[in-house]
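Computed from a prediction, not measured in an experiment: that's the story for all the values here. Ligands are counted one by one from 1 in listed order, and the atoms in each one are counted from 1 as well.
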Amino acid sequence: MSSCTSKQVLEKINVDVKRHSKMMKAAYGAYENLFMSQKNRPKAMEYFDWFMKEFQGERIVEIDKVKQQGKPAIGTFCIFVPEEIVVGAGGACFGLCGGSQMPIADAETELPRNICPLIKSAHGFKLQRTCAFTQSSDFIYGETTCEAKKKTWEILNKHHKTHVMYIPHMKREQDLKTWKNEVKEFKKHIEEVIGRDLSYEEMVEGIEIINRKRDALLRLDKLRGFNKEVMPISGKDALFVVQASFIDEPVRFTEKVNLLCDELEERLSNNVSVYEKDTPRLMVLGTPFALPNWKLHAAVEDSGGVIINEESCIGHRYYKDNVNLENIKDEESLMDELVDRYSKVDCACFTPNEGRVEKIIQMYKDRKADGVIYYTLSFCHTYNVESFLVKEKLAEAGIPCLTIESDYSAEDVGQIKTRVEAFLESISFQQKAKKFQEGL
Ligand code: SF4
Ligand code: SF4
């Protein structure tokens with residue numbers, strides 16, 4: 001596919017091509033610096049390097065072809081929107097959460113300064129017309145998970161057709177009934193785009209495709225984080241793979257992740273590690289890392305640690321559960337199983353959200369991690385407030401925890417690095433003291 005064709009598609013979908021090209025150059029430059037300069041990377045990361053170059057180019061051409069066949073292209077902002085239905089219709093479902101500082105000043109012409117940068121970044125992309133995924137969307141599907149998001153949709157709808165899915169904030173029986181109706185309504189919106197009813201078989205196929213994608217991501221998660229001495233892939237590379245899962249074509253993506261996993265298995269059996277065996281291994285908890293938010297991972301891995309898991313929506317929360325196909329017999333049971341699967345998402349927008357803490361402690365034990373970072377995007381009140389209860393339980397379990405609240409600007413990079421370095425030093429000190437005591 002020639003770049004000329006990509007340019008034609010970008011023009012057709014009304015992208016500001018000049019500004020877009022400048023932005024992509026900057027993003028790719030940052031990727032080259034942070035990712036491609038790493039030593040001893042798995043060879044299978046070559047596909048993902050290509051994808052970084054082409055996700056706003058060839059991938060957009062691919063989505064354009066999908067649309068030309070009368071299939072849907074749907075932009076979303078949350079892992080509650082059931083992508084299985086879009087994929088079942090042969091369409092493309094992609095995440096629009098913004099992880100870049102570049103569009104924020106534009107967003108602040110319409111949105112308050114003091115709301116989460118993920119929303120401002122995404123809204124700014126729309127105002128600037130610099131995200132080809134936003135521009136490709138037949139419609140955008142927002143949800144009511146947090147205050148800032150649900151009010152932003154009213155403004156976003158002035159610029160791009162936006163539907164809103166009502167997500168209850170509790171998981172009682174009546175809430176799940178409402179939720180099921182919302183999933184049915186989402187299906188109707190997809191049927192409006194394709195101009196016909198979606199068959200039961202198509203939806204089952206959509207579920208199978210997405211289940212396989214989540215299986216591959218879970219496989220990667222285990223390979224990267226379960227071995228205490230061999231880390232076959234950096235946290236940065238693994239994060240980028242998960243970020244790509246929200247925008248790549250799911251069948252090809254699954255195949256590429258499984259190829260990467262095959263290589264990681266080989267590396268594990270040959271003791272090929274990208275970091276030394278005593279490198280402190282950290283889990284990150286909290287808010288999502290939308291592309292290209294690599295700030296925390298870069299700070300940790302430049303400071304002598306490694307991130308082995310993200311307990312986040314761009315991470316484990318996204319792929320930990322599958323839809324149970326065994327219980328599906330007809331369309332009604334299919335809807336029930338979709339709701340069952342999605343209601344296991346333990347986002348801080350729910351009250352209570354007790355299961356999340358137990359899960360975190362279990363994840364920590366399974367990985368024999370050395371510490372956690374509770375990461376919150378600035379002004380994300382749900383995750384920020386919930387951190388109190390999480391940290392209380394972590395302290396009881398003797399798990400070292402560092403709290404970091406940040407946005408996408410480069411202003412606090414130095415400060416974050418200093419705090420991470422001090423945290424890693426205290427972990428190393430405790431580990432040495434423990435070894436010394438054990439040796440006595
Ligand atoms: S953190 Fe909550 S609101 Fe944000 S994407 Fe995840 S589930 Fe959705
Ligand atoms: S990170 Fe927090 S504030 Fe931002 S969109 Fe997600 S739930 Fe809302």
Side-chain angles (χ1 to χ4, degrees), residues 74-83 93-101 103-104 107-108 111-126 140-156 162 164-171 175 179 182-183 186 214 217 242-243 245-247 284-291 293 295-296 310-321 338-339 341-353 355-356 359-360 374-387 390 403-408:
I74 311 298
T76 67
F77 284 99
C78 180
I79 60 166
F80 283 123
V81 179
E83 60 188 313
C93 190
F94 36 80
L96 300 180
C97 293
S100 164
Q101 174 71 10
I104 289 201
E108 287 175 354
L111 298 175
R113 193 193 53 80
N114 55 349
I115 62 167
C116 143
L118 182 150
I119 304 168
K120 284 194 288 184
S121 179
H123 193 72
F125 276 130
K126 180 63 227 180
I140 293 173
Y141 224 75
E143 18 56 51
T144 56
T145 43
C146 70
E147 300 304 308
K149 268 183 166 182
K150 74 183 178 203
K151 297 310 289 180
T152 297
W153 310 146
E154 294 169 21
I155 303 171
L156 184 63
T162 305
V164 180
M165 179 180 239
Y166 175 73
I167 299 289
H169 291 171
M170 295 176 89
K171 295 178 182 173
D175 299 313
W179 201 333
E182 293 293 314
V183 175
F186 179 64
R214 294 200 196 100
L217 286 166
V242 186
Q243 288 174 329
S245 74
F246 288 87
I247 45 181
V284 186
L285 324 176
T287 46
F289 296 90
L291 187 70
N293 179 11
K295 191 166 144 181
L296 183 65
E310 295 79 25
E311 182 271 342
S312 134
C313 287
I314 297 190
H316 189 261
R317 189 172 297 114
Y318 170 59
Y319 50 73
K320 71 184 176 67
D321 303 301
L338 274 177
V339 172
R341 186 263 159 205
Y342 279 91
S343 66
K344 287 180 189 148
V345 173
D346 48 2
C347 174
C349 71
F350 287 105
T351 182
N353 196 28
R356 180 171 170 231
K359 178 203 70 182
I360 290 169
Y374 197 105
Y375 169 77
T376 318
L377 284 169
S378 316
F379 306 110
C380 173
H381 302 315
T382 48
Y383 278 91
N384 213 348
V385 175
E386 192 164 278
S387 72
V390 176
T403 307
I404 289 188
E405 187 180 338
S406 184
D407 56 17
Y408 299 155

TODO: For atom 6 (Fe) of ligand 1, find the nearest protein heavy atom and state the residue, atom name and distance (0.1 Å precision).
DONE: Cys313 SG, 2.2 Å
TODO: Flag the pair Val183 / Met165 as yes when at least one side-chain heavy-atom distance between them is below 4.5 Å, and no otherwise.
DONE: yes
- [ ] List the closest protein heavy-atom neighbour of atom 8 (Fe) of ligand 1: residue, atom name, distance to the nearest 0.1 Å.
- [x] Cys78 SG, 2.3 Å
TODO: State plainly whether the residues Lys171 and Asp346 are in salt-bridge range, i.e. N to O under 4.0 Å.
DONE: no
TODO: Just jot down the side-chain hydrogen bond (donor to acceptor under 3.5 Å, both in side chains) partners of Ser343, sequence neighbours excluded, or say none.
DONE: none
Task: Protein N/O/S count near atom 4 (Fe) of ligand 2 (criterion: distance under 2.8 Å) - done: 1
Open item on the list: The criterion is side-chain hydrogen bond (donor to acceptor under 3.5 Å, both in side chains); which residues satisfy it with Glu83, sequence neighbours excluded?
Closed with: Lys213, Tyr318
Task: Check: Phe350 ring centroid to Phe80 ring centroid under 6.0 Å - done: yes
- [ ] Hey, can you tell me if Phe186 and Tyr141 have their rings parallel, tilted or perpendicular (30° and 60° cut-offs)?
- [x] perpendicular
- [ ] Find out whether Val284 and Phe289 are in side-chain contact, i.e. whether some heavy atom of one side chain is under 4.5 Å from a heavy atom of the other.
- [x] yes
Open item on the list: My understanding is that only residues two or more places apart in sequence, or in another chain, count here; which of them pass side-chain hydrogen bond (donor to acceptor under 3.5 Å, both in side chains) with Gln101?
Closed with: none
Open item on the list: Tell me the protein heavy atom at minimum distance from atom 3 (S) of ligand 1, and give that distance in Å.
Closed with: Thr145 OG1, 3.2 Å
- [ ] Quick one: look up the protein heavy atom nearest atom 2 (Fe) of ligand 1 and list residue, atom name and how far away it is.
- [x] Cys347 SG, 2.3 Å
